[in-house]
Every structure is written in C-alpha cells, then in structure tokens.
Amino acid sequence: MSKLSRREFVYMMAVLGAAPVFANSHTRMTDTSNKLEDYYKLKPFGNARILHMTDCHAQLLPVYFREPSVNLGLHTNFGKVPHIVGEKFLDHYGIKGNKRLEYAYSCINFEEHAKAMGRTGGFAQIKTVANYLRESFDKEKTLFLDGGDTWQGSWTSLQTRGKDMVGALNELGIDVCTGHWEFTYKDTEVMENLELLNADFVAQNIKVKEDAFLNGSEIAEKAYDEDEARMFKPYVMKELKGVRVAVIGQAFPYSTIANPAYNMPDWTFSIDPENMQSIINKVKEVEKPDAIIVLSHNGFDVDKKMAEVVTGIDFIMGGHTHDGVPEAYPVKNATGTTYVCNAGSNGKFLNVLDLDVQNGKIKDFKFTLLPIFSDLIPEDPSMKKYIDDVRKPFLSQITRQIATTDITLFRRGNFNGSWDQIICDALLDVKGAEIAMSPGVRWGTSVMPGQAITFDDLATQTAMTYPETYLREISGADIHMILEDVADNLFNADPFYQQGGDMVRTGGISYTIDPNKTIGKRITNIRLTKTGKPLEASKMYKVAGWATVGSVSAGEPIWETVETYLKNVKHISNVKVDTPDIIGVKGNPGII
C-alpha cells in the first residue's frame, strides 16, 4: 500500500485543512459553514480510529447517485432516522443552505448540484482520503472496515466473479470485512476469493449444515470451527497501539431467502441475537477488549433492534439499506447505550469513528460521516492504475453507447424509480407481456440528463449472477399475493422480519398501498394501466420478470432485454413512472 506522495499530502493539508463541519459533536453536525476546505482534515481526538465503508456495489469509479425521495418509517420507526428525506432531512440535521451537504445527503436540487459538483466516490479518491486519515492520525492506531455488498454491481465484478473487488480492497488496505451480495457467487468462488483477500472475514451468523459435515462436503472441510459449525471466524481482535478492539461479524441474515440458496447449499444464515449475545459475553471474558464493534450487514432498522435486545456492543457499523446517516444513532438497552452507524452506498461516504479509550473503556468519541466529493480529491496513482488495468479487458464493451437521455435515471426509494421503469418497460415491450415485475434492489447508479447511457451504466442496474428473464402466466390472485408478500417484507412492524430492499417494481399495472396495514390488507385496487380494468383474481396474465431466486429462468439476461429496448428507443425524453397510490402516510417525513 503506497503512502501519499508529497504533492498529495501538501494538497490535503493546504486545500482540505480546516476542522470539518461533521465532527463538532458526538452525534450532530452543528456548524453549517460551506468552506470546501472544511471536509477532510479532522481535529485530533482520541487514541483509536475506525474507518468504515459499505455497500459500494463494485463502483470503482466516481458515480452520480440520487438519494431517495421515499424512505418510509412506520410504527416505532415513524419519523426516525433514517426514515427522513428531502427538506425534512436537511432541517433535522441543520444543514439547509449548505449545498455540498444538500447534494451528498438528499435528492433536493439533485440535477443542479450534480452539474456543479460532479460525481461522488471512486476508489482512487477513497484511497487518497483513507491514506490521509490513517497517516495523519497514526496507521497503527487505525482500523479500516468494509461492511459488504462490495463484490457485486458492475460488469467487471460479474466477469471476474468478484476478484476485481478483492484486489481493490487489498489495494485500499481494508482490515476486516463481512458480506451479503458476496454470497450470490458460488460458495467455492467465495472461498477462492477469501484466500486472495488480505483482510479478515468475520460472520458469527453463518453456520454449516450438519449434513454437510456428515457427507464430507468440500466446503464443510474449510469451516472455521467444526465443533460449533461455524463457517467463518465470528470475531477478530485488533491491537491498536494498546487499544484492544473486538470486531464481530454479522453477515446479511436472509441471504438464502433473498438470494438463490443453490449457490451456498451447505450454509445457513440467521439474525441470531442469542448467539451474538453469547459471543459478546465470551469476548468480554476471554479477550478483555476495550471496545466491541459489530460489523453488520443487517440494515439500519434491524441493527437498531439488535442494539436494543443485545447488550455490550459499543458501536454497530452497519450497511445493507444504503442509508447515509450523519450521526452515531444512540439506542438504549438493558445495560447501556449502543450507537448505530451507517455509511451510505456506492462509495459516496466514509465513516470515521475516533475513540478515546482510557482504563479499558471508551471515555468519549467523535463520529464523522465524510462525503467523498470527487472534485476535491486527487486520485491515488496506484489505485487509479489498478482500476485502469481491471477495466481494460472490458473497456470497448462497457463504454459503448446504447442510448441518450433528457431525464435523470435513478433507482433509490421504496417504489419505482425511472431506471426501474425503463427495465419494466423493456420487459413489457421486448417480452410481449401485459405486466412486468422487477426486484426492488437498492443498488444501481444514476445517469444525468444529457448523458449517454453506456453499457457500464446499464450494468450497474443489472449485473448479477442470476439475471435470466422469464415470461409466464400468473393469476391475478397470485400477483396480488406477490405484492402483499413484498410489502410485508418492507413494512412489517417487527424489523427482524424485514429483509431490506424495496417494493417490487411493476409495469403495466397500478395499485393502491396502505403501508400501515397488515399482510393481506395493504394492496388494493390493482388495475391494468392500458385499459383501466381491475385485475381479476381468477384470470391468467402474461407476466415478464427477472432475477428468480428459487430456480434459473429460461430467458436471456435482463441486460440484453433492456439493451434491445434502449437501442430501439434511442433517446429517453420522458418516462411515466408507475408509482402506486400511497395512502395513510400524510405527515410522514419519509416521503416528499
């Protein structure tokens, strides 16, 4: 791992030299100055530094990424972080008028800000900032964590089966990882990649099935602990110049439900708060840590509930739901307070947690969520070369232009975005369907008006290991049931029954949803958009979709379907987004 060059170091000191607006308190941004030099030089604090990123979805280059206009919080999470969007978000954190932070954290004036400030993120930029934060503090006192969803989301990651991102993590100097979309590759590929990874991979909630041990499975033979049926280390201890930090891994608990189980037939996944508690108790007794950190891919609301029911965790550094939360969120439990943190997605943010550890305990801390403004940060030369080399074999394919657009194409929010609608429209048009369904995944970058849509852009929306499309007849009753099932996953009152993601995207139908109701009662008034006729429970409809979880569909990959459609359309001048009629959410700060 290369050090900052003299030029880069001088740049960081001179241009980014003042105290940041983010780290003036434990949980809140209190200064709303708009000086560009206020972002990356943190005031010295404490004796241990934790860096954390998550959900980059293989975006090696800087990207445009629009934050959501709908992120509903219901029941006990009504009006609570992260379920606050737009102007209400800016008011909540006192950052209205700060254009940089408005651009980073909200969808307000997105096109205007994107035009003025350009892209965010980029691994070459992240490495420059991370190197500076390590070297200015003390590399031996700094730990760098990656929360997963790292090996998936680009064409190069799909073609290299995640190995491009393993190399990028090594180049970045990541110390500890956990995962989610990493498990959409085959189990053997995961293990091959972990052999190449220089970081520790931790996951207390992934077990090996008993049958796999009895049958002499090749994967079971690689298990970390056969006695406890653990596939991976549950935790790792890190010594930061006298400060002992325990990092416990919590992989995405629903991997074999939300993603194909056939890729990992010998493994089980769960939330497992009881086992988490036993691990914490053991770590405290045996390891005598000064700080306990859970590196999680649960999702923010699930992490908040885990912080309530499990004691002894100091910080949960979380991911999965792509929430950029500029505070360490305090959660009270039976023995104290656990702080929940999240670092957004697509490389837009870097969490910095500075700990003041005295006499075996955290005396104080400073938390900072740093936006990665690519226009302010020089590229790290070695990371830039690595990225160029990784992309070179695929460059002619990923840079080819497919179409152009006059509107912003985005995917992020509880319901359809414009990118989702294009995918649904492509399924309707190319497959000759009456109704289209597309999974409510949160990964995928934005394309700005006037931009060419390249295959690279399309791949950020579609590059996965189970991309096959289908065209089949489904009854109106079953369509209703699918919508209800996904809505319950999203809006269930108990966070432990929420699997993350968003509402299934639809084309060809409209419907009404009341998220506050219970399963079976949320979805009403489903109608065909072409005719306005209500969906009939007993009638069969031609439905097109993709990304089936239980089996492999027979159709072409979704990127071929969408490319065919875009080449025919040539230019996107307008998209009618099939947003459902949402009721029962008046006054909810999670919707604009």
Side-chain angles (χ1 to χ4, degrees), residues 1-13 15-17 20 22-23 39-46 48-63 104 119-150 165-177 197-200 238 240-241 245 247 293 295 317 319 324 341-355 366-387:
M1 183 175 59
S2 64
K3 290 186 175 182
L4 288 177
S5 69
R6 179 64 184 167
R7 180 187 67 82
E8 289 171 315
F9 183 78
V10 169
Y11 182 96
M12 295 294 286
M13 290 296 289
V15 180
L16 311 176
F22 304 87
Y39 291 95
Y40 300 108
K41 187 184 177 186
L42 307 188
K43 288 181 179 178
F45 181 87
R49 171 166 283 179
I50 312 297
L51 306 180
H52 169 243
M53 61 180 287
T54 190
D55 295 275
C56 75
H57 283 286
Q59 298 309 312
L60 291 171
L61 298 177
V63 301
R119 300 172 189 261
T120 56
F123 265 56
Q125 285 82 356
I126 294 170
K127 186 179 178 185
T128 294
V129 174
N131 279 359
Y132 174 73
L133 292 171
R134 280 184 286 222
E135 291 167 16
S136 61
F137 187 82
D138 188 336
K139 288 175 64 175
E140 294 182 18
K141 293 181 180 179
T142 304
L143 192 61
F144 200 170
L145 313 179
D146 176 77
D149 277 7
T150 303
M165 298 310 300
V166 172
L169 291 180
N170 290 343
E171 182 71 26
L172 200 56
I174 294 291
D175 297 297
V176 189
C177 302
L197 183 67
N198 294 337
D200 290 294
K238 295 293 183 180
L240 305 179
K241 275 196 174 178
V245 178
V247 182
I293 292 174
L295 179 59
M317 310 305 285
C341 309
N342 205 301
S345 67
N346 289 279
K348 276 186 71 175
F349 302 101
L350 191 63
N351 272 337
V352 186
L353 174 63
D354 287 343
L355 304 176
K366 297 287 187 184
F367 175 79
T368 308
L369 179 62
L370 288 175
I372 303 298
F373 296 118
S374 306
D375 63 321
L376 301 183
I377 306 164
E379 296 175 306
D380 176 83
S382 62
M383 182 64 85
K384 183 180 186 307
K385 182 181 185 307
Y386 176 81
I387 294 169

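Note that the coordinates shown come from a computational prediction; the quantities given were computed from them, not determined experimentally.
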Practice prompt. Verify, without hydrogens or angle tests, whether T120 (side chain) and I372 (backbone) share a donor-acceptor contact under 3.5 angstrom.
Written response: no

Inter-residue atom distance [X].[atom1] - [Y].[atom2], 0.5 Å rounding:
X    : Y    : atom1 : atom2 : result
L172 : N198 : CG    : CG    : 11.5 Å
Q59  : M165 : CD    : CE    : 8.0 Å
T128 : L376 : OG1   : CG    : 12.0 Å
K139 : L240 : NZ    : CG    : 13.5 Å
K348 : D55  : NZ    : CG    : 13.0 Å
L60  : Y386 : CG    : OH    : 7.5 Å

In the structure I gave you, are the side-chain heavy atoms of [X] and [Y] within less than 4.5 Å of one another anywhere?
X    : Y    : value
Q125 : F373 : no
R119 : L61  : no
L350 : L133 : yes

Of the non-hydrogen atoms in [X] and [Y], which two are nearest, and what is the gap between them?
X    : Y    : value
A48  : F137 : N-CZ, 3.6 Å
G173 : F144 : O-CB, 3.9 Å
F349 : G324 : CE1-CA, 4.2 Å
Y40  : Y132 : O-CE2, 3.6 Å
P62  : S374 : CB-OG, 3.4 Å
I126 : G347 : CD1-O, 3.8 Å

Practice prompt. Among T142, D354, D138, find the one that has a side-chain hydrogen bond (donor to acceptor under 3.5 Å, both in side chains) with R49.
Written response: D354

Discussion item. Please determine whether side-chain contact (heavy atoms from CB on, under 4.5 Å) holds for the pair E171 and S382, giving the CA-CA distance in whole Å, both sets of side-chain angles, and the decisive distance to 0.1 Å.
Written reply: CA-CA 8 Å; E171 182 71 26; S382 62; 2.7 Å; yes

Worksheet item: Per the side chain to side chain contact (heavy atoms under 4.5 Å, CB included) rule, which among I293, I174, T54, D200 passes with L145?
Response: I293

Practice prompt. Give the intermediate values and the outcome of side-chain contact (heavy atoms from CB on, under 4.5 Å) for residues C177 and T150.
Written response: CA-CA 10 Å; C177 302; T150 303; over 6 Å; no

Worksheet entry | Working for salt bridge (Lys or Arg N to Asp or Glu O under 4.0 Å), residues D175 and K238 | CA-CA 9 Å; D175 297 297; K238 295 293 183 180; 5.4 Å; no

